[in-house]
Colleague: 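Provided herewith is a single structure, encoded as structure tokens, for subsequent inquiry.
Along the sequence shown, residues carry numbers from 1.
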Amino acid sequence: MTFLSRIMLLKSRAHFSTDVQRSGTVINGATFKGTGKRKTEMARTRVGIMIAGFCFAYAIIGGRLVQYGYAQPETVSSILPADRLMASRPDILDRNGEVLATDIRTVSLFAEPHKIVDPDEAVERLATVLRDLDIKGTYKKLSSNSRFQWLRRQLTPKQQSQILALGIPGIGFRPEKRRFYPGGSTASHIVGYVNIDNRGMTGMEKYIDNQGMADLRALGMTSDMPLEPVKLSMDIRVQNIVRDVLVSYVDKFKALGAGGVVLDAHTGEVLAMASLPDYDPNNPAGSEEGWLSRMSNGTFEMGSTFKSFTIAMGLDSGKVSLKDSFDARYPIRIGGFTIKDFHGKNRVLTVPEIFQYSSNIGTAKVADLVGTDGHREFLTRLGLLTKMQTELPEVAMPSQPREWKKINSITISFGHGVSTTPLQTAVAGVALVNGGKLIEPTFLPRTREQADLVATQVIKPSTSDDMRFLFEWNGVKGSGRNARVEGFDVGGKTGTADKVVNGRYVGDKNFNAFLAAFPIDNPRYVVLTFIDEPKTDKGNGAALAGNTAAPMVADIIRRSAAILGVEPKFGEDGSALLVSY
């Protein structure tokens, strides 16, 4: 190659190197500038996109926060709204204003399972406060997909404070009201109780709901404002006496149960009514065997107390008078049955003697004079064969034969074959001594004028006069002697009914009752007591009504007469005021 040729080659290489350096691209150590510029632009684009994405995301989050801020609080369909949970119930008072039932504020524990982070840990921590917590059940609730679960209703303030200190997310408290009964079991069958949601289940609590409170609650029209108290006719002092007497006699005679009621003879007001076994309305689930009110919701054959109604029927019909006599020497045989007297005198008896000696034969003959149809009509007139009407929801329907025959009338005349509630027996007894007026019983205050508007004349006033005489006669000379209280002139009639076991009457199981009124010359109150299957080591004689139910009446009257405003009378002029013990 010539020198000139080499010079030309070197120049061409120098021009190529210069062009490559200007372009910025590197080949075998050379830099190509155009490629670097494109990478810078791409990096800037990526950063811009990232910034725009973050701004968009934060804008969405901010918008949702604003939306949540303006949204209504989340409601849970599985529970009641707070205002309805806090709805007040009216206080229940006795006739003197003593509180029998009232609301107290409390809280209940709930969980929102969707907010629970660790159900196992939550259960373990709750169990340190709630010692009786259902571990498996609570874990199942906290692990569910629901948005609300009750964990424990009606906590104590101490429990609430301790659970708050645990700081468990998703756990909260709901304000509620709890019903409190200061008297406990004293008047449980009258007052009744409410369930966990403060709804009346029995007694006057249920009556209050039935009067419209339940409907208002369903419509959401209840509030937390205090309501007008409901005053009852009951006197808690007398109620406590009646229950105390029942408890002592059930324990004394190892009986299955007992009951007692005190009624105003002119207004029909229930001053006291108790039934054993009973229960504590503050914890009704603790004694389910006591839920039945034997006074109003249990039916029994009332035995010889029914002879009062049979004799009154004969007197009121005009076919029998106090001067009449009936042959009680021989048993009555009818339909394969033999009717005889328990303490037979085997002679002709006057009407007062039939009542005094509780003659089945004499009473059956009085019923036979009136006739089967007349007998049934008379007991219906006295309300003994129909369901009693009163405010208390727990009222049983009496039972009677489907078809009344002569044998039915005879046995019913002395208290076998018809089962009634002890309360309606006492109500019918009121009509026998108050001038003949049947007054529906009430557990609410009622004046004498208001009672007269609802009273029904069921027997003649003269019949009522004769029955007061017979009650006093039996109280002085007959089976009612153990019910007498010095100064208060107690009269009444016993009833010792054999109980039915496996379809047959047995002589060693009695249902004993005593129907009484005082002061018998002008009765102000009627008292009825019963004791179911009293047991004693002294034999069957000691288990008769005259030795069990009658003394119960005496104890009730002796302790409560002064509270009821009945003044004692000693002597003809009331001057002999010294009482011997």
Side-chain angles (χ1 to χ4, degrees), residues 263-268 304-326 348-359 362-385 409 412-415 424-440 448-449 451-478 480 489-495 515-528 569:
L263 287 167
D264 189 302
H266 297 290
T267 66
S304 294
T305 57
F306 254 55
K307 292 173 182 173
S308 305
F309 309 121
T310 306
I311 299 298
M313 176 182 65
L315 295 170
D316 202 60
S317 70
K319 298 178 180 181
V320 178
S321 72
L322 292 180
K323 297 179 181 180
D324 289 337
S325 299
F326 293 84
V348 175
L349 300 176
T350 64
V351 170
E353 287 177 328
I354 291 173
F355 200 74
Q356 173 186 347
Y357 299 125
S358 198
S359 170
T363 306
K365 291 189 173 183
V366 170
D368 191 40
L369 274 179
V370 176
T372 301
D373 293 338
H375 192 183
R376 186 175 187 179
E377 185 278 329
F378 184 81
L379 294 184
T380 303
R381 195 193 316 166
L382 263 64
L384 291 167
L385 302 182
S409 179
I412 291 170
S413 71
F414 51 81
Q424 70 185 136
T425 304
V427 171
V430 168
L432 298 185
V433 299
N434 72 353
K437 296 179 180 180
L438 181 67
I439 309 172
E440 291 180 354
R448 190 162 181 172
E449 291 73 22
D452 289 339
L453 295 176
V454 299
T456 303
Q457 193 76 34
V458 291
I459 62 175
K460 303 170 186 175
S462 59
T463 303
S464 181
D465 293 339
D466 290 343
M467 290 309 301
R468 287 198 299 270
F469 168 78
L470 291 177
F471 271 37
E472 184 174 22
W473 177 281
N474 190 56
V476 174
K477 299 183 178 183
D489 297 332
V490 182
K493 183 70 185 78
T494 53
L515 175 63
F518 78 102
I520 198 60
D521 59 334
N522 183 21
R524 292 180 56 185
Y525 299 98
V526 166
V527 182
L528 182 142
K569 297 179 181 178

Colleague: What's the separation between atom CZ in F471 and atom CD1 in I311, rounded to the nearest 0.5 Å?
Modeller: 11.0 Å
Colleague: Could you check if a side-chain atom of I439 sits within less than 4.5 angstrom of a side-chain atom of T267, using non-hydrogen atoms only?
Modeller: no
Colleague: Verify the neighbour count for atom NZ of K437: are there more than 12 heavy atoms of other residues, nucleotides or ligands below 6.0 Å?
Modeller: no
Colleague: Within the 3.5 Å criterion, strictly below it, is a donor on K307 or S359 matched to an acceptor on the partner's side chain?
Modeller: no
Colleague: Can you name the residues that form a salt bridge (charged side-chain N to carboxylate O under 4.0 Å, His left out) with E353, not counting sequence neighbours?
Modeller: R347
Colleague: Once side-chain hydrogen bond (donor to acceptor under 3.5 Å, both in side chains) is applied, do any residues pair with S409, and if so which ones, sequence neighbours excluded?
Modeller: H375
Colleague: With R448, which residues qualify under side-chain hydrogen bond (donor to acceptor under 3.5 Å, both in side chains), at least two apart?
Modeller: H266
Colleague: Not counting sequence neighbours, which residues clear side-chain hydrogen bond (donor to acceptor under 3.5 Å, both in side chains) with N434? List them please.
Modeller: none
Colleague: With rounding to the nearest 0.5 Å, note down the distance linking OH in Y357 to CG in N474.
Modeller: 10.5 Å
Colleague: Is Q424 reaching over with its side chain to a backbone N or O of G383, donor-acceptor style, under 3.5 angstrom?
Modeller: yes
Colleague: List the atom of F355, the atom of G492, and the distance in Å for their closest heavy-atom pair.
Modeller: CE2-O, 4.3 Å
Colleague: Flag the pair R468 and D465 as a salt bridge only when some basic side-chain nitrogen lies within less than 4.0 angstrom of an acidic carboxylate oxygen.
Modeller: yes
Colleague: Supply the atom-to-atom distance Y525 OH to D264 CG, rounded to the nearest 0.5 angstrom.
Modeller: 5.5 Å
Colleague: Where do G478 and Q356 come nearest, in terms of heavy atoms and distance?
Modeller: CA-CG, 3.9 Å
Colleague: Which pairs, with at least one residue in residues 311-324 and sequence neighbours excluded, count as a salt bridge (Lys or Arg N to Asp or Glu O under 4.0 Å)?
Modeller: D316-R381
Colleague: Checking side-chain contact (heavy atoms from CB on, under 4.5 Å) for the pair F378/V370: CA distance, chi angles, key distance, verdict?
Modeller: CA-CA 10 Å; F378 184 81; V370 176; over 6 Å; no
Colleague: Are the side chains of L385 and R376 in touch, meaning some heavy atoms are under 4.5 Å apart?
Modeller: yes
Colleague: Under a 4.5 Å cut-off applied to non-hydrogen side-chain atoms, are D368 and F326 in contact?
Modeller: no
Colleague: Once you round to the nearest 0.5 Å, how far does CG of L315 lie from CZ of F469?
Modeller: 11.0 Å
Colleague: Output all residues satisfying side-chain hydrogen bond (donor to acceptor under 3.5 Å, both in side chains) with T372, sequence neighbours left out; order by chain, then residue number.
Modeller: none
Colleague: Please report the shortest heavy-atom distance between S308 and L432, naming the atom on each side.
Modeller: CB-CD1, 3.8 Å
Colleague: Which atom pair, heavy atoms only, marks the closest approach of S464 to G435?
Modeller: OG-N, 2.9 Å
Colleague: Taking all non-hydrogen atoms of both residues into account, name the closest pair between P352 and L470 and its distance.
Modeller: CA-CD2, 3.6 Å
Colleague: Looking at every non-hydrogen atom in both residues, tell me the closest pair between P523 and A517 and how far apart they are.
Modeller: CB-CB, 4.1 Å
Colleague: Would a distance-only check, ignoring hydrogens and angles, find a side-chain to backbone donor-acceptor pair under 3.5 Å from Q457 to I459?
Modeller: yes
Colleague: Got a second to check how far K493's NZ is from F306's CZ, nearest 0.5 Å?
Modeller: 13.0 Å
Colleague: Between CG of L379 and CG of L384, what distance do you get to the nearest 0.5 Å?
Modeller: 5.5 Å
Colleague: Just checking, any donor-acceptor pair under 3.5 angstrom between side chains of T363 and T310?
Modeller: no
